[in-house]
Amino acid sequence: MRLRMLLFAVLLSPLGAQDSPFACNRTALTAQDRKRHFDELGPMLRTLVKNIREVPDGYEFQFASDPATYRLVAEWAAGEHLCCPFFDIDLRQEREKGAFWMRLTGRAGVKQFIESDLGKWMSAVDHGAQR
């Protein structure tokens with residue numbers, strides 16, 4: 001009877017209910033994609049961050065709102081989604097040629113992960129950062 005109840009509970013549990021660990025899974029990317037993501041895009045975007053805003057469950061990073069920068073950020077976000085699936089990633093372009101923001105948020109602990117993993121991005125913006 002206990003085995004039947006356990007099996008029933010497992011079958012009724014939602015798929016994907018377990019959260020992924022707070023660790024970058026570099027093997028989620030091919031060797032070529034890892035090089036592009038970590039050695040090229042990450043350092044490049046770090047120099048392009050114009051402003052940072054702290055939000056309750058993460059951070060927002062402002063970039064120039066030109067098409068080339070948008071493509072670079074979108075490419076980085078797609079790679080980050082693979083290696084760090086615990087992030088919620090939102091790209092927002094404000095109307096009337098307004099600011100372009102990438103928002104990284106997630107469950108409890110994500111904010112601290114961002115501070116640790118993207119600390120170089122944050123320290124690169126010491127002027128005008130709203131924290």
Side-chain angles (χ1 to χ4, degrees):
M1 180 69 151
R2 291 171 106 187
L3 181 59
R4 187 179 309 156
M5 289 178 64
L6 178 61
L7 181 59
F8 186 73
V10 169
L11 291 174
L12 288 181
S13 66
L15 294 176
Q18 185 177 8
D19 290 330
S20 59
F22 287 132
C24 183
N25 179 7
R26 291 174 162 256
T27 62
L29 303 169
T30 66
Q32 181 180 358
D33 290 342
R34 274 194 304 276
K35 180 173 179 18
R36 173 76 173 149
H37 186 78
F38 294 105
D39 298 341
E40 297 171 17
L41 287 174
M44 187 184 319
L45 292 181
R46 182 174 64 233
T47 67
L48 298 176
V49 173
K50 295 174 67 173
N51 198 359
I52 299 172
R53 291 194 298 213
E54 184 175 355
V55 295
D57 55 350
Y59 289 89
E60 290 184 320
F61 300 86
Q62 182 185 15
F63 296 92
S65 58
D66 62 271
T69 302
Y70 192 94
R71 284 190 296 273
L72 290 171
V73 173
E75 181 183 354
W76 182 87
E80 197 68 10
H81 177 71
L82 294 173
C83 64
C84 294
F86 47 85
F87 280 140
D88 291 321
I89 304 174
D90 297 304
L91 304 182
R92 185 180 75 248
Q93 178 70 57
E94 296 175 354
R95 67 179 173 273
E96 305 295 339
K97 300 180 183 179
F100 168 47
W101 294 93
M102 176 181 67
R103 184 180 182 112
L104 288 178
T105 59
R107 67 181 189 266
V110 163
K111 188 173 190 173
Q112 292 75 21
F113 183 90
I114 294 168
E115 292 166 352
S116 172
D117 196 50
L118 298 178
K120 290 181 181 179
W121 287 33
M122 295 177 169
S123 63
V125 181
D126 55 6
H127 60 283
Q130 300 172 0
R131 295 188 195 184

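One is the number of the first residue; the rest follow in order along the sequence.
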| Arg92 side-chain N/O to Trp101 backbone N/O, donor-acceptor pair under 3.5 Å | no

| task | Can you see which heavy atom on Val110 is nearest to which on Asp57, and at what distance? | result | CG1-O, 4.4 Å

| query | Applying the 4.5 Å side-chain criterion to the ILVMFWY set and letting contacts propagate, would Leu91 and Leu72 be lumped into a single cluster? | reply | yes

| note | Value for OH (Tyr59) from CZ (Arg53), rounded to nearest 0.5 Å, stands at 14.0 Å

| task | Measure the spacing between CG of Leu48 and CZ of Phe63 and express it to the nearest 0.5 Å. | result | 7.0 Å

| request: Mind checking the CE-OG1 spacing from Met44 to Thr69? Nearest 0.5 Å is all I need. | output: 10.0 Å

| request: Specify the closest pair of heavy atoms between His37 and Cys83, including all atoms of both residues, with the distance to one decimal. | output: NE2-SG, 4.2 Å

| query | Is there a side-chain contact between Phe61 and Val73, using heavy atoms and a 4.5 Å cut-off? | reply | no

| query | Nearest 0.5 Å, what's the CE-CG distance between Met102 and Asp90? | reply | 10.5 Å

| field | Full working for side-chain contact (heavy atoms from CB on, under 4.5 Å) between Asp33 and Leu82 | value | CA-CA 11 Å; Asp33 290 342; Leu82 294 173; over 6 Å; no

| request: With sequence neighbours excluded, give me every salt bridge (Lys or Arg N to Asp or Glu O under 4.0 Å) pair touching residues 79-89. | output: none

| remark: Shortest non-hydrogen pair, Thr27 vs Asn25, comes out as OG1-OD1, 2.5 Å

| note | Closest non-hydrogen atoms of Arg34 and Leu29, given as atom of the first, atom of the second and distance, are NH1-O, 2.6 Å

| said: Can you tell me how the ring of Phe87 sits relative to the ring of Phe113, calling it parallel under 30°, perpendicular over 60° and tilted otherwise? | reply: perpendicular

| Do the side chains of Phe86 and Leu118 join up, straight or via other hydrophobic residues, at under 4.5 Å, putting them in one cluster? | yes

| request: Search all heavy atoms of Lys50 against all heavy atoms of Ala64 and return the closest pair with its distance. | output: CD-N, 3.5 Å

| Gap between atom CZ of Arg71 and atom CG of Asp66 - 0.5 Å precision | 8.0 Å

| said: I need the Ile89 CD1 to Arg103 CZ distance, nearest 0.5 Å. | reply: 13.0 Å

| request: For Gln93 and Gly98, indicate whether the former's side chain and the latter's backbone hold a donor-acceptor pair under 3.5 Å. | output: yes

| query | Side chains of Lys111 and Glu54: does their closest heavy-atom pair fall under 4.5 Å? | reply | yes

